Structure formats: structure tokens, C-alpha cells
Amino acid sequence: MTGTMELRRRMETGGIALGCNVRFSRSPEVGALLAASGMQWIMLDFEHSPASPHLASDIALGALRAGVVPLARPSSHDPREIAGLLTNGALGLIVPHVDTPAQAVAVAAAARFAPRGVLSVPGSLPHFGYALSLAEACARFNEEVMVLAMIESAEALANAPAIAAVPGIDGLFIGASDLLWETGHPGDYGGPVLRDAMHRVARAARDAGKFSGMGGPREEVVWQEAIAAGIRFVMTENDLALLMRGARDRAAFFERCTLAASPR
Ligand code: 3PY
Ligand code: MG
């Protein structure tokens, strides 16, 4: 059983929290597989995945039991969608397109039970085993739940310090692809817009006593600069990209073997 405290501790002591966007995987074992591969969190992606809520719940519960933190990216800011994700296994949110402090206030409240928010109380919570009373489980959930606001527009970037300052927002998270496309620089992961954003978002989060993260880029040089700038919450790749990278490496290796073995 795991919670978010270890993730927070890693980042507070200068480490990075590594995760993966689970978009295509269909087995509840994916959390265990990624935990064994060095990941500490996964993101169930309702913005871009065709997965059903039931499957996502199974994957989230498998991740909890395997010691990797399940977060979810809802497709909207709708408190009803957020409630379905958080009360069925997800232990936090990576919320897309948070452009204003008012939106940040609303999603932070949607992710917590009273008195800290408006999340509706279910009959039981699955996150911490079932030995705690419901009141104890809800109080622990309020302590552990992690809410990251995605900064992926020019408006969000301008508002990053105010969004970071919202109580209940634990961190800022750059959606690099949307930010670049929205600002007219599609695919320019190594360019000045994203580099400037990384520094501004990391600073805004740090000044508010929060952490910062990012997803989207694949280039190692971009990540090196991001981590040097203070970004600590790293979405390494999505599962599809990891599968293709491994498959391509393997195909290239056997291609080389075949060439080496062919009769001269
Ligand atoms: C983006 O790059 O826009 C993202 O949402 C990363 O997941
Ligand atoms: Mg995005």
C-alpha cells in the first residue's frame, strides 16, 4: 500500500518523482510492471485514452497494491467526473487546462472532502485498505490527495504564480505540447517558449512552496534543463511511446545481428 507522502519526500529532498502516462495499457498489472521499472506514479488519462472508468479503477487499485501512486487526468473540471475517479482508486489529479486561479480553486475543492472541499463521501474508500473507519479514511485522503494544475496556455502561464498560490493546489504541471501548439510553436520542444515557461513555472511553484512538473517532451536535453530549473515531477513518456521505443530498439538489434550473420 502506498500514498503520496513518499513522492513528496522525494521531491522535497532534491529527488525527482518519475511517472508514466497510462493511455493504452489494459492490465491491472501495469502499475506493478512500471513500479518494477523505476516509476513512482502513473497517470490514468481520461483526456486522451479510450479506457473505461471501470478499467481505470482496476488499474488504479492494482497500482496502489503494487506501491506506485495512481493519479488521474480527468477530461474536464466537472466535479462529478473528478469524484468518480478519486473515490474509485485515483489518489490525485493532473488537471488539464487550468488557466485561471478561479478554476484552480474549483478543482482543488472538487478533490477534497468537507471541510476542505466538496467531494461527495462514498460508502468506503479503497486507498488505504479497508481497516480504517470511513471518517479516518476521508481525513487521510484529504492529507494525501495530490492536485496538480496543468499550465498549457499563454493565459495559464501568465497566471502561474496566482494558480500556484491557491490552497489545495499541490503543484504546477506544464503540458508542453498544448502550450507550444497554442502559442504558435508546434513541436518546438527545444525552443525559447518552452525553455522560458519551464523556468517561470518552476519559479512560480517554488515561490509558493509547491512543486513543479512537466509532460510532453522526449528530448533528453530538454529534460536536463527542466530538472536543472527545478522541475521535479516528471512524466517520462506514455506507455505507447515506451512500447514503440523498446520495439524499435529490439528490431534494430536483430537487424544488425542478421546483417552480421549473412553469408559473404
Ligand atoms: C501536453 O503536453 O499538452 C500534455 O498534456 C502532456 O501530457
Ligand atoms: Mg495537454
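Please read all numbers here as calculations on a predicted model, not as lab measurements. Both ligands and their constituent atoms are indexed starting at 1 by order of listing.
Gln40 places no side-chain N or O within donor-acceptor distance of the main-chain N or O of Leu7, the cut-off being under 3.5 Å. Glu182 places a side-chain N or O within 3.5 Å of a backbone atom of Ala154 that can act as its donor or acceptor partner. Distance alone, capped at 3.5 Å, places no donor-acceptor pair between the His54 side chain and the Ser52 backbone. In this structure a side-chain-to-backbone donor-acceptor pair under 3.5 Å is missing from Arg232 to Ser212.
In the hydrophobic clustering of this structure, Phe24 does not group with Val68; members are Ile, Leu, Val, Met, Phe, Trp, Tyr whose side-chain heavy atoms approach within less than 4.5 Å, directly or through other members.
Connectivity analysis of hydrophobic side chains (ILVMFWY, heavy atoms under 4.5 Å, direct or indirect) links Phe253 to Phe254.
Judged as a side chain to side chain contact (heavy atoms under 4.5 Å, CB included), and not counting sequence neighbours, the contacts of Ser133 are Ala135, Glu136.
The immediate protein surroundings of ligand 1, defined as residues with any heavy atom under 4.0 Å of it, consist of Arg73, Met150, Glu152, Gly175, Ala176, Ser177, Asp178, Gly215, Gly216, Met235.
Within the 4.5 Å cutoff, the side chain of Met214 has heavy atoms near those of the Trp223 side chain.
For the Mg ion (ligand 2), protein N, O or S atoms closer than 2.8 Å were enumerated as Glu152 OE1, Asp178 OD2, with waters left out.
A salt bridge does not link Glu143 to Arg140: none of the charged side-chain nitrogens sits closer than 4.0 Å to a carboxylate oxygen.
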